[in-house]
There are 2 protein chains.
Amino acid sequence: MKLNNTSQYAIRILAYIADHKEKTLFSATELSNELSIPYKFLTKIMTELVKADFIESIRGREGGFKLKKDASEIKVDDILNIFNDSIKDEECILGIGFCNGMCKCALHDQWMEPKLLMQRMFRESSLRDIAGKGCKI
Amino acid sequence: MKLNNTSQYAIRILAYIADHKEKTLFSATELSNELSIPYKFLTKIMTELVKADFIESIRGREGGFKLKKDASEIKVDDILNIFNDSIKDEECILGIGFCNGMCKCALHDQWMEPKLLMQRMFRESSLRDIAGKGCKI
DNA sequence: TTTTAATTCTACCTTTAAGTAGTAATTAAA
DNA sequence: TTTAATTACTACTTAAAGGTAGAATTAAAA
């Protein structure tokens with residue numbers, strides 16, 4: 001019962017960048033070192049964040065990465081969505097075909113409340129909310 | 001953000017068995033058919049459930065499986081524990097080293113409430129509670 | 001005693017997530 | 001204009017989850 005590694009890394013990367021408002025550009029090397037994320041894996045994730053338009057990249061010498069949107073406009077759930085890791089409404093905790101009013105799984109009712117809480121947490125927490133709130137590694 | 005397939009299958013298998021009190025023995029073939037779980041994968045899971053002492057197996061012709069404990073004594077969390085899939089107290093949603101009072105991750109505080117709810121749901125739901133509450137597949 | 005229907009065991013195969021390697025492209029500084 | 005520092009791209013490797021195959025074992029029924 002966990003987020004996948006890629007999602008975890010992506011959230012930590014973006015939160016780190018959002019946290020350091022004094023800096024304008026972050027290199028992959030810095031992010032990799034500061035956040036203890038394997039360099040090559042990090043650059044792979046950065047490319048996806050660029051494609052998803054959350055991050056702008058400056059190529060070439062003295063280049064780097066920076067946020068493309070305001071930190072308050074990026075929700076944790078938006079990040080999870082890039083990696084297909086957010087909690088879908090129709091998702092069933094026991095993995096049965098259709099889990100809803102007509103045919104629900106054995107844990108459907110108990111799962112409802114924690115599921116909604118988690119969805120709210122992801123949908124309402126922006127990078128601004130979580131930046132600087134925690135340790136890096 | 002989901003339970004692994006094996007955990008889902010195991011919960012559904014045990015809930016099914018707990019639900020049919022009129023029957024005393026369940027063959028792998030029946031369970032596989034009724035729950036739409038691949039036969040060979042199911043037997044693998046059954047073996048683990050037997051080793052974990054939740055299920056008793058009767059070998060040979062006319063054999064099968066049955067619950068070894070009372071349904072009220074088996075919690076969903078006990079099942080998840082077999083497959084290392086329960087939510088540990090120290091588990092961090094962003095996967096950082098030690099996520100506690102001293103050094104917590106950026107989502108630590110928001111994660112607290114849904115995490116405790118889920119832990120309670122798993123720890124307090126017994127097979128008896130969930131048996132017969134849902135569709136099979 | 002043989003057959004048959006069942007579980008168990010060992011080993012393998014497939015798919016996906018996670019991570020690595022090497023090189024090309026880009027750009028500012030020297 | 002060359003060099004160094006940077007991101008981007010393509011392809012590969014490794015590890016884990018998910019799933020399959022086949023033979024061995026067991027024990028009731030015929």
Side-chain angles (χ1 to χ4, degrees), chain A residues 1-14 17 23-68 79-80 82-86 94-96, chain B residues 1-13 17 23-68 80 82-86 94-96:
Chain A
M1 201 69 188
K2 60 185 280 297
L3 297 178
N4 63 44
N5 281 13
T6 314
S7 301
Q8 293 179 337
Y9 287 155
I11 295 170
R12 288 173 49 215
I13 292 164
L14 289 168
I17 293 179
K23 293 198 60 176
T24 49
L25 226 47
F26 301 79
S27 75
T29 308
E30 169 185 356
L31 294 171
S32 168
N33 290 336
E34 289 296 315
L35 300 170
S36 301
I37 300 172
Y39 177 82
K40 283 289 195 178
F41 196 25
L42 180 130
T43 60
K44 200 180 197 175
I45 295 171
M46 294 314 287
T47 304
E48 298 192 68
L49 293 175
V50 168
K51 282 184 185 148
D53 227 35
F54 290 113
I55 288 282
E56 185 181 345
S57 70
I58 319 291
R59 297 180 66 164
R61 187 165 178 159
E62 304 284 289
F65 301 98
K66 64 178 172 185
L67 272 190
K68 199 166 176 185
I79 305 168
L80 297 183
I82 304 175
F83 306 103
N84 290 310
D85 205 18
S86 79
L94 293 187
I96 74 171
Chain B
M1 201 67 186
K2 60 185 280 294
L3 296 178
N4 63 42
N5 281 12
T6 314
S7 300
Q8 294 180 336
Y9 286 155
I11 294 170
R12 289 174 48 217
I13 293 165
I17 294 180
K23 294 197 58 177
T24 49
L25 226 47
F26 302 78
S27 74
T29 308
E30 170 185 354
L31 295 171
S32 168
N33 291 336
E34 290 296 315
L35 301 170
S36 300
I37 300 172
Y39 177 82
K40 282 288 195 177
F41 196 27
L42 179 130
T43 60
K44 198 181 199 174
I45 295 172
M46 294 316 285
T47 304
E48 299 193 68
L49 293 175
V50 168
K51 282 184 187 149
D53 226 39
F54 289 115
I55 288 280
E56 185 180 342
S57 69
I58 318 291
R59 298 180 65 160
R61 185 161 178 168
E62 304 283 291
F65 301 97
K66 65 178 173 185
L67 271 191
K68 200 166 174 184
L80 297 182
I82 303 175
F83 306 102
N84 290 311
D85 205 17
S86 80
L94 293 187
I96 72 171

Short side-chain N/O contact to [N] OP1/OP2 from [X], under 4.0 Å:
| X | N | answer |
| --- | --- | --- |
| A:Y9 | C:dG19 | yes |
| A:T6 | C:dA18 | yes |
| A:N5 | C:dA18 | yes |

Nearest-Å distance for atom pair [atom1]/[atom2], residues [X] and [N]:
| X | N | atom1 | atom2 | answer |
| --- | --- | --- | --- | --- |
| B:I13 | C:dT7 | CD1 | P | 12 Å |
| B:N4 | C:dT16 | CG | P | 16 Å |
| A:K44 | C:dA17 | NZ | P | 11 Å |
| B:L25 | C:dT7 | CG | C1' | 11 Å |
| A:D85 | C:dA17 | CG | C1' | 11 Å |
| B:F26 | C:dT7 | CZ | C1' | 16 Å |
| A:F83 | C:dT16 | CZ | P | 18 Å |
| A:F41 | C:dA18 | CZ | C1' | 5 Å |

task: Check for a donor-acceptor pair, side chain of B:D85 on one end and backbone N or O of A:M1 on the other, with a separation under 3.5 Å.
output: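 Yes.
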Flag, side chain of B:S36 to backbone of B:S32, donor-acceptor distance under 3.5 Å: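 Such a contact is absent between B:S36 side chain and B:S32 backbone.
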message: Within a 6.0 Å radius of atom NZ on B:K66, are there more than 12 heavy atoms belonging to other residues, nucleotides or ligands?
response: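 No, NZ of B:K66 has 12 or fewer neighbouring heavy atoms, counting only those of other groups under 6.0 Å.
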- request: Write down the partner of C:dA30 under the Watson-Crick or G-U wobble criteria, each distance required to be under 3.5 Å.
  value: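 Its partner is D:dT1 (Watson-Crick or G-U wobble, both distances under 3.5 Å).
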task: Output the single nucleotide from C:dA29, C:dT8, C:dA6 whose closest atom is nearest the side chain of B:T43.
output: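 When the side chain of B:T43 is considered, C:dT8 is the closest of C:dA29, C:dT8, C:dA6.
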- request: Consider the side chain of A:R59, meaning its heavy atoms from C-beta on, and name the nucleotide among C:dT7, C:dG19, C:dT26 that approaches it most closely.
  value: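 Side chain of A:R59 sits closest to C:dT26.
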Pairwise distance [atom1]([X]) to [atom2]([Y]) - rounded to 0.5 angstrom:
| X | Y | atom1 | atom2 | result |
| --- | --- | --- | --- | --- |
| A:F41 | A:N5 | CZ | CG | 6.5 Å |
| A:L94 | B:L35 | CG | CG | 11.0 Å |
| A:S27 | A:N33 | OG | CG | 8.0 Å |

message: Students should find this one: the first and last nucleotides of DNA chain D, 5' to 3', lying under 4.0 Å from a heavy atom of chain A. What are they?
response: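 Contact span on the strand: D:dA4 to D:dC9.
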query: Taking for each residue the nucleotide of DNA chain C with the nearest heavy atom, is it A:K2 or B:K40 whose nucleotide lies nearer the 5' end?
result: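 On the 5' side of the pair lies B:K40.
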Comparing B:R61 and A:G63 on DNA chain D - which has the more 5′ nearest nucleotide: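 The residue mapped nearer the 5' terminus is A:G63.
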- request: Have a look at B:I55 and tell me which of B:T47, B:L67, B:I13 forms a side chain to side chain contact (heavy atoms under 4.5 Å, CB included) with it.
  value: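 For B:I55, the side chain to side chain contact (heavy atoms under 4.5 Å, CB included) check succeeds only for B:L67.
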query: Base, sugar-phosphate alone, or nothing: which one does B:F65 contact when heavy atoms must sit under 4.0 Å apart?
result: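 Sugar-phosphate contact only - B:F65 comes under 4.0 Å of backbone atoms but never of a base.
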